[in-house]
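Okay, here's the structure, questions in a sec.
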Amino acid sequence: PVMRTMGGRPVMLQRFPEGAGGPSFFQKRVPKNAPEWLQTTIVRTPNGTTSRAMVAADIAHLAWAVNLGCLGFHPWPYRADEPEHTDELRLDLDPQPGTDFADVVAAAREVRVLLDEVNMIGWPKTTGNRGLHVYVRLEPRWDSYAVRSAAVAVARELERRRPDLITAAWWKEERGKRIFVDYNQNAPHKTVFGAWSVRS
């Protein structure tokens, strides 16, 4: 299952060198002493900064990273062999103060209704706190800006349908006691905590 979710994608490593109870740090660049067999790719931020990141090519790659104390893998929303095309739309259902997980589940049901209408499948994943992520696999035809625009459109349509439950408002003071559909998880080169990764 882990390779179906992140296989072939660049990943950022969340490392815990002193064990799960100790401090962690994020490592985008692979160490200079990485083995020759390790598959890597160049990732770019919107401002043009480049890094050589590990590709989750197979289980051996993940085991290598785990030996470095990596518990969390944060995959990019594209495959390393086709970085110009984002192939995963990510919806973050973020509960606001005054809401609970039952509200998140209700919002997820609304997401499913909308996706069913356009013949698309969303795969839910719990997040580290009280929310849900819904991943929608896409044909590799659009760049990250187009996919982010689609996520904004989904968020606004969900808010239009259920303004009592869901909000697309970016400013926290405008959200109220509703579930925020965080479309900015689709910002260019944004990574998220990967499915099957381990929380400390």
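As the structure is a prediction and not an experimental result, all values here were calculated from the model. Quick note: residue numbers are just sequence positions, from 1.
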Joint cluster assignment, Phe73 & Leu38, ILVMFWY side-chain distance < 4.5 Å:
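Yes, one cluster joins them.
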Is Val11 linked to Phe26 within one hydrophobic cluster, defined over Ile, Leu, Val, Met, Phe, Trp and Tyr using a side-chain heavy-atom separation of less than 4.5 Å?
no
Taking the side chain as C-beta and beyond, is there a heavy-atom pair between Val2 and Ile59 under 4.5 Å?
yes
With the threshold set at 4.0 Å, does a side-chain nitrogen-carboxylate oxygen contact exist between Arg160 and Glu110?
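No salt bridge links Arg160 with Glu110.
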Let me see the working for Gln185 and Leu91 under side-chain contact (heavy atoms from CB on, under 4.5 Å), right down to the final yes or no.
CA-CA 7 Å; Gln185 298 296 341; Leu91 300 172; over 6 Å; no
Using the side-chain contact (heavy atoms from CB on, under 4.5 Å) rule, take Asp87 and Arg79 through it: C-alpha gap first, then chi angles, then the decisive distance, then the call.
CA-CA 8 Å; Asp87 68 349; Arg79 297 181 57 81; 3.7 Å; yes
Option among Thr167, Val113, Val111, Ile179 that satisfies the side-chain contact (heavy atoms from CB on, under 4.5 Å) test with Leu158:
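For Leu158, the side-chain contact (heavy atoms from CB on, under 4.5 Å) test succeeds with only one of Thr167, Val113, Val111, Ile179, which is Val111.
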CG/Asp143 to CD/Glu84 distance, rounded to the nearest 0.5 angstrom?
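Interatomic distance, Asp143 CG to Glu84 CD, rounded to 0.5 Å: 9.5 Å.
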Closest heavy-atom contact between Met6 and Pro75?
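Minimum heavy-atom contact is CB-CB, 4.2 Å.
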Return the minimal non-hydrogen interatomic distance between Arg9 and Pro77, and the atom names on each side.
NH1-C, 3.2 Å
same_hphob_cluster(Leu132, Val136) at 4.5 Å side-chain heavy-atom cutoff
yes
Just how far is it from atom OG of Ser197 to atom NE2 of His74, taken to the nearest 0.5 Å?
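If I round to the nearest 0.5 Å, the distance is 6.5 Å.
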Within one Ile-Leu-Val-Met-Phe-Trp-Tyr cluster: Ile166 and Trp170, side-chain cutoff 4.5 Å
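Different hydrophobic clusters.
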Heavy-atom count check: over 12 atoms from other residues, nucleotides or ligands less than 6.0 Å from Arg156 CZ?
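Open: at most 12 neighbouring heavy atoms sit under 6.0 Å from CZ of Arg156.
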Between Arg90 and Glu88, does any NZ, NE, NH1 or NH2 come within less than 4.0 Å of an OD or OE carboxylate oxygen?
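Here Glu88 pairs with Arg90 in a salt bridge, since their nearest N and O are under 4.0 Å apart.
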Check whether more than 12 heavy atoms from other residues, nucleotides or ligands sit under 6.0 Å from atom CG of Leu68, and answer yes or no.
yes
Does Arg162 have more than 12 heavy atoms from other residues, nucleotides or ligands lying within 6.0 Å of its CZ?
yes
Of all the heavy-atom pairs spanning Glu174 and Ala169, show the shortest one and how long it is.
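Glu174 and Ala169 have their closest heavy atoms at CB-CB, 3.8 Å.
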To the nearest 0.5 Å, tell me how far Arg52 CZ sits from Lys32 NZ.
10.0 Å
Mark yes or no for whether Glu139, through its side chain, and Arg141, through its backbone, hold a donor-acceptor pair below 3.5 Å.
no
Atom of Gly122, atom of Val134 and distance for their closest heavy-atom approach
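Smallest interatomic distance, heavy atoms only, reads CA-CG1, 3.7 Å.
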Under 4.5 Å between any side-chain heavy atoms of Leu114 and Asp116, yes or no?
no
I need the minimum non-hydrogen distance between Ser200 and Leu71, along with the two atoms involved.
CA-CD1, 4.2 Å
Can you list the steps and then say if Tyr135 with Lys125 is a side-chain contact (heavy atoms from CB on, under 4.5 Å)?
CA-CA 8 Å; Tyr135 298 143; Lys125 176 182 75 68; 2.9 Å; yes
Spatial distance of atom CG (Asn186) from atom CZ (Arg148) [nearest 0.5 Å]
8.0 Å
After noting the C-alpha distance and the side-chain angles of Trp123 and His133, does the key distance pass the ring-ring contact (aromatic ring centres under 6.0 Å, His included) rule?
CA-CA 8 Å; Trp123 302 97; His133 287 166; over 10 Å; no
Taking atom CH2 of Trp64 and atom CH2 of Trp37, what is their separation to the nearest 0.5 Å?
7.5 Å
Could you tell me whether Arg130 sits above the aromatic face of Phe101, with NZ or CZ closer than 6.0 angstrom to the six-membered ring centre and within 45 degrees of the axis?
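Not satisfied by the 6.0 Å and 45° rule.
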Hey, are the side chains of Trp196 and Thr5 touching, using non-hydrogen atoms and a 4.5 Å cut-off?
yes
Got Gln96 and Arg178 here, is their nearest side-chain heavy-atom distance under 4.5 Å?
no
Is any side-chain heavy atom of Met12 closer than 4.5 Å to one of Val192?
no
Do Pro17 and Phe25 come close enough that some side-chain heavy atom pair is under 4.5 Å?
yes
Between Trp76 and Tyr78, what is the ring plane arrangement, given parallel below 30°, perpendicular above 60°, and tilted in between?
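If you compare the ring of Trp76 with that of Tyr78, the planes turn out tilted.
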Within a radius of less than 6.0 Å around CZ of Arg109, do more than 12 heavy atoms belonging to other residues, nucleotides or ligands occur?
no
Heavy atoms of other groups near Lys190 NZ, more than 12 under 6.0 Å
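Result for NZ/Lys190: open.
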Checking Asp92 against Val181 for the side-chain contact (heavy atoms from CB on, under 4.5 Å) test, could you report, in this order, the C-alpha distance in whole Å, the side-chain angles of both residues, the deciding distance, and whether it holds?
CA-CA 6 Å; Asp92 180 5; Val181 181; over 6 Å; no
Please tell me if the side chains of Ile121 and Arg137 come closer than 4.5 Å, counting only heavy atoms from C-beta onward.
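With C-beta onward as the side chain, the pair stays apart.
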Validation row: Met54, Pro10 side chains within 4.5 angstrom (heavy atoms)
no
Would you kindly check if the NZ (Lys) or CZ (Arg) of Arg199 is within the cone defined by 45 degrees around the ring axis of Phe193 and under 6.0 Å from the six-membered ring centre?
yes
Closer than 3.5 angstrom, by distance alone: can the side chain of Arg175 be matched with the main-chain N or O of Phe180 as a donor-acceptor pair?
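Such a contact is absent between Arg175 side chain and Phe180 backbone.
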Can you tell me how far apart NE2 (His189) and OG1 (Thr191) are? Round to the nearest 0.5 Å.
11.5 Å
Any donor-acceptor pair under 3.5 Å linking the side chain of Asp103 with the backbone of Asp100?
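Side chain of Asp103 to backbone of Asp100, a donor-acceptor pair under 3.5 Å: yes, one is there.
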Closest approach of Ala151 and Leu89, non-hydrogen atoms and distance?
N-CD1, 3.9 Å
